[in-house]
There are 2 protein chains.
Amino acid sequence: MKKEYRSHCPINFSQEIFGDKWSLLIIRDIMFKGKRYYGEFLNSEEKISTNILADRLEKLEDNKIIIKVSDVNNLSKFIYTLTDKGIDLLPLLLEMIVWGAKHDKQTKAPPEFINRFISDKESLILEIKKNLHFD
Amino acid sequence: MKKEYRSHCPINFSQEIFGDKWSLLIIRDIMFKGKRYYGEFLNSEEKISTNILADRLEKLEDNKIIIKVSDVNNLSKFIYTLTDKGIDLLPLLLEMIVWGAKHDKQTKAPPEFINRFISDKESLILEIKKNLHFD
DNA sequence: CTGTATCCTTAGGGATACTG
DNA sequence: CAGTATCCCTAAGGATACAG
């Protein structure tokens with residue numbers, strides 16, 4: 001696990017944890033697409049390779065963003081879910097969706113989602129959070 | 001300039017533009033510390049190296065996040081400022097500050113800033129934005 | 001001092017083979 | 001299928017030298 005930070009500026013802290021091209025996509029898949037299994041992450045649109053996926057899952061787990069538990073229905077696989085610390089990233093991800101959707105002319109973000117967030121931020125956050133607690 | 005994206009998911013789009021360890025620190029320096037010159041960025045706490053700084057300034061400019069103009073008072077240097085697209089990153093950066101401050105026990109984020117954002121998000125955003133328009 | 005360029009090392013990442 | 005491991009190439013980044 002990472003122990004030394006270049007600084008304790010909260011932006012730097014955040015970037016040292018998930019400031020790469022893949023980590024937030026995994027979090028996105030759990031948060032918005034309900035994915036929980038290794039194979040589901042592998043099949044995401046951006047085609048992450050298996051070594052990178054394993055590495056990022058481990059780093060996210062080390063940083064207590066996700067938690068990995070055995071699937072009681074199939075002991076040879078694991079379920080990856082967000083911790084509370086991971087769920088706390090929701091507002092940040094939503095702002096990223098709004099920014100990306102606004103500035104990418106080819107965005108795939110559904111306008112009704114963006115509009116709902118803009119007009120009714122807090123209730124949307126609460127609604128999504130409800131679905132993130134599996135325990 | 002980057003032309004092909006792995007996908008047009010807005011989170012992926014965002015991460016392909018500023019999903020690295022340095023870009024958002026430059027934006028932070030402009031946004032919250034009023035920095036505008038190459039040398040000011042070089043002196044930031046995290047000690048970015050000069051080649052990386054030059055590369056990121058160029059990429060941010062290519063992506064229309066910042067704009068580079070000659071300093072009329074000193075024609076051998078440039079002033080780097082945020083475009084509207086860059087200023088649009090403010091809410092995202094603020095959420096990142098909140099998350100980082102909450103989850104880094106050694107954070108340097110001033111609690112009064114965090115509290116103000118949590119209790120009075122919109123007015124804080126407006127106030128900061130006012131100071132970002134130099135034109 | 002404002003950048004650019006070069007050298008070199010390390011980290012990121014793609015392809016693919018492999019184990020249970 | 002779930003994940004690990006290896007091979008190899010490219011991109012990121014640090015140090016430092018250099019030019020205006």
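Throughout, protein chains are lettered first and strands after them, A, B, ... in sequence-line order, and every chain is numbered starting at 1.
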For B:Leu53 and D:dA12, give me the distance from atom CG to atom C1', rounded to whole Å. 14 Å
Please determine whether a side-chain nitrogen of the Lys or Arg among A:Glu61 and A:Arg56 lies less than 4.0 Å from a carboxylate oxygen of the Asp or Glu. no
Pairing residues for B:Asn51 by the side-chain hydrogen bond (donor to acceptor under 3.5 Å, both in side chains) criterion, not counting sequence neighbours: B:Ser49
List in chain and number order the residues that pass side-chain hydrogen bond (donor to acceptor under 3.5 Å, both in side chains) with A:Lys77, two or more places apart in sequence or in another chain; answer none if no residue qualifies. none
For atom CG of A:Leu75 and atom P of D:dC1, their distance in whole Å: 19 Å
Covered region of DNA chain C, 5' end to 3' end, by chain A [heavy atoms, under 4.0 Å]: C:dG12 to C:dT16
What is the distance, to the nearest angstrom, from the CD1 atom on B:Ile26 to the C1' atom on D:dA12? 14 Å
Does A:Glu45 come within less than 4.0 Å of B:Arg6, counting only side-chain N to carboxylate O? no
Please report the distance, rounded to the nearest Å, between CH2 in B:Trp22 and P in D:dA12. 14 Å
For residues 83-106 of chain A, which residue pairs pass the ring-ring contact (aromatic ring centres under 6.0 Å, His included) check, not counting sequence neighbours? A:Trp99-A:His103, A:Trp99-B:Phe18
Between B:Tyr5 and A:Asp104, is there a side-chain donor-acceptor contact under 3.5 Å, judged purely by atom types and distance? no
In whole Å, I'd like the distance from the CZ atom of A:Phe78 to the P atom of D:dG3. 6 Å
Side-chain N or O of B:Lys59 closer than 4.0 Å to phosphate OP1/OP2 of D:dA12: yes
Pairs under 3.5 angstrom only: tabulate donor-acceptor contacts from the side chains of residues 24-33 of chain A to other protein residues two or more places apart or in another chain.
| residue | atom | partner | partner atom | Å |
| --- | --- | --- | --- | --- |
| A:Arg28 | NH1 | A:Glu46 | OE2 | 2.9 |
| A:Arg28 | NH2 | A:Glu46 | OE1 | 2.9 |

For A:Phe41, answer base if it contacts any base atom (sugar-phosphate contacts may also be present), sugar-phosphate if it contacts only those atoms, and nothing otherwise; contact means non-hydrogen atoms under 4.0 Å. nothing
Will you find, in the side chains of A:Asn131 and A:Glu127, an N or O donor that is under 3.5 Å from an N or O acceptor? no
Would you indicate what B:Tyr37 reaches in the nucleic acid, counting non-hydrogen atoms under 4.0 angstrom: base, sugar-phosphate, or nothing? nothing
Write down the protein N/O and nucleotide N/O pairs, taken from nucleotides 15-20 of chain D, whose separation is under 3.5 Å; answer none if there are no such pairs.
| residue | atom | partner | partner atom | Å |
| --- | --- | --- | --- | --- |
| D:dA15 | N6 | B:Asn51 | ND2 | 3.2 |

Heavy-atom nearest nucleotide on DNA chain D for A:Leu42 versus B:Lys47: which residue maps closer to 5'? A:Leu42
Expressed as a whole number of angstroms, how long is the span from A:Ile79:CD1 to D:dG3:P? 10 Å
Heavy-atom closest contact (A:Thr83 atom, A:Lys64 atom, distance): OG1-O, 2.6 Å
Let me know, please, whether A:Asn74 or A:Arg6 comes out on the 5' side of the other along DNA chain D by nearest nucleotide. A:Asn74
